[in-house]
Amino acid sequence: MSNSKFQPGVSVIGSEDAIQEDEKDLEFTEEQVKTQIRLHEEDFIQGLIAATDFTSEETQKIEIIRNGRLFFAFCIRPLSSEEYEKCKKKHTKYVRNKQLGMKMPEDTDRVKYQSAIIYQATVDEDREKLWDNRKVWEAINAKKDRVMNGLDVIGCALKAGEKDRILEAIDKLSGYDSNLEEVAKN
């Protein structure tokens with residue numbers, strides 16, 4: 001393997017653009033390819049195992065600042081596809097389609113879905129201190145009387161634009177590239 005610095009994300013090897021000029025002339029026999037794979041198999045296995053820890057090792061700090069004042073901060077982590085899907089299913093209303101005889105998604109409660117993603121991505125320690133803190137619930141209920149769980153706290157504490165920026169950070173941390181210019185080029 002080369003000593004070049006790796007960039008975060010997914011690289012697709014095999015296109016003519018991805019192959020460097022000095023590598024184009026290299027040709028391996030089938031036996032040489034198998035030997036190379038066997039030599040680096042343990043590296044690939046260890047890399048694969050290490051890659052599965054992405055949801056617990058990568059974090060990013062989010063600070064909620066308004067008018068130059070820091071209100072609170074918390075850390076988020078990347079989410080797996082299963083976690084995104086679980087949040088979506090939980091906050092989607094399903095109706096039975098009589099023609100097909102099965103349940104079909106009708107509408108997703110976008111506000112609750114966004115709050116669920118933020119709640120799920122918040123690291124456990126911060127989730128307990130902020131979203132699941134009974135003292136916070138009681139204080140908000142003394143003013144508004146509508147907090148029954150952590151999602152409600154998120155709904156009360158964060159502005160819509162703040163939620164959008166936090167969701168963008170979660171998506172980016174989870175491996176989704178939101179760079180529209182880059183998508184347009186491809």
Side-chain angles (χ1 to χ4, degrees), residues 4-12 42-94 105 107-183:
S4 64
K5 183 174 175 156
F6 295 106
Q7 298 295 322
V10 178
S11 298
V12 179
E42 188 61 31
D43 292 337
F44 291 137
I45 291 170
Q46 292 305 315
L48 183 61
I49 292 168
T52 63
D53 290 334
F54 72 92
T55 60
S56 62
E57 290 185 357
E58 297 177 42
T59 60
Q60 180 179 349
K61 187 174 185 175
I62 302 292
E63 294 180 335
I64 304 303
I65 301 170
R66 297 179 190 151
N67 298 323
R69 179 178 168 218
L70 174 65
F71 280 82
F72 62 95
F74 60 99
C75 289
I76 57 170
R77 63 173 183 81
L79 296 178
S80 67
S81 298
E82 291 82 11
E83 289 172 309
Y84 275 104
E85 189 63 26
K86 180 181 168 186
C87 292
K88 186 169 185 171
K89 279 185 178 181
K90 187 173 182 175
H91 299 287
T92 299
K93 180 181 174 184
Y94 292 87
D107 187 34
T108 299
D109 184 340
R110 190 171 85 74
V111 173
K112 288 286 188 188
Y113 172 67
Q114 288 177 326
S115 295
I117 293 291
I118 293 169
Y119 181 86
Q120 190 69 37
T122 303
V123 297
D124 293 339
E125 180 184 320
D126 289 343
R127 190 182 308 153
E128 290 173 23
K129 282 191 241 175
L130 297 173
W131 316 136
D132 293 339
N133 187 329
R134 295 279 179 184
K135 290 179 184 177
V136 172
W137 295 10
E138 291 168 7
I140 295 173
N141 281 334
K143 292 179 180 181
K144 298 184 179 192
D145 191 35
R146 64 179 196 196
V147 174
M148 297 186 303
N149 58 39
L151 299 183
D152 293 337
V153 175
I154 292 169
C156 290
L158 296 172
K159 295 179 178 182
E162 292 169 340
K163 279 187 182 181
D164 283 344
R165 288 190 297 281
I166 293 167
L167 290 168
E168 287 174 13
I170 293 167
D171 287 347
K172 188 173 181 179
L173 203 55
S174 299
Y176 293 104
D177 188 9
S178 62
N179 186 345
L180 296 177
E181 289 179 17
E182 193 64 35
V183 173

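None of these values were measured; they are calculated from a predicted model.
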Quiz item: What closest approach, in Å, do I170 and I76 show between heavy atoms, and which atom pair accounts for it?
Solution: CG1-CD1, 3.6 Å

Quiz item: Among Q60, E83, E58, whose side chain to side chain contact (heavy atoms under 4.5 Å, CB included) with R77 holds?
Solution: E83

Exercise. Tell me, please, which residues at least two apart from K86 pass side-chain contact (heavy atoms from CB on, under 4.5 Å).
Key: none

Quiz item: At what distance, to the nearest 0.5 angstrom, does CG of L173 lie from OG1 of T59?
Solution: 7.5 Å

Quiz item: Say you draw a straight line from CG of D164 to CD of Q114; how long is it, rounded to the nearest 0.5 Å?
Solution: 5.5 Å

Quiz item: Would you say the side chain of L158 lies within less than 4.5 Å of the side chain of F71, judging by non-hydrogen atoms?
Solution: no

Practice problem: Kindly compute the distance separating CD1 (I118) from CD1 (I154), expressed to the nearest 0.5 Å. | Solution: 5.5 Å

Quiz item: What pairs meet the side-chain hydrogen bond (donor to acceptor under 3.5 Å, both in side chains) rule with one or both residues in residues 147-163, with sequence neighbours excluded?
Solution: R66-E162, K112-D152, S115-K163

Exercise. Could you pull out all residues at least two apart from Y84 that satisfy ring pair (Phe, Tyr, Trp, His ring centres under 6.0 Å)?
Key: Y176

Quiz item: Which pair of heavy atoms, one from I62 and one from A169, lies closest together, and at what distance?
Solution: CD1-CB, 4.1 Å

Quiz item: Taking atom CD1 of I65 and atom CG of N67, what is their separation to the nearest 0.5 Å?
Solution: 11.0 Å

Quiz prompt | Geometric cation-pi criterion, R127 with Y119: 6.0 Å, 45° | solution = yes

Quiz item: With A116, which residues qualify under side-chain contact (heavy atoms from CB on, under 4.5 Å), at least two apart?
Solution: C87, H91, L151

Exercise. Go through the structure and list residues passing side-chain contact (heavy atoms from CB on, under 4.5 Å) with K61, not counting sequence neighbours.
Key: E63, A73, C75

Self-check item: Partner set under side-chain contact (heavy atoms from CB on, under 4.5 Å) for V136, not counting sequence neighbours
Solution: N133, I140, V153

Self-check item: Sub-4.5 Å side-chain heavy-atom contact between K90 and T92
Solution: no

Quiz item: So, E125 and K129, do they make that salt bridge, N to O below 4.0 Å?
Solution: yes

Quiz item: About how many Å separate CD1 of I117 and OG1 of T122, when rounded to the nearest 0.5 Å?
Solution: 11.0 Å

Exercise. Please round to the nearest 0.5 Å and tell me the distance separating atom CH2 of W131 and atom CG of D126.
Key: 9.0 Å

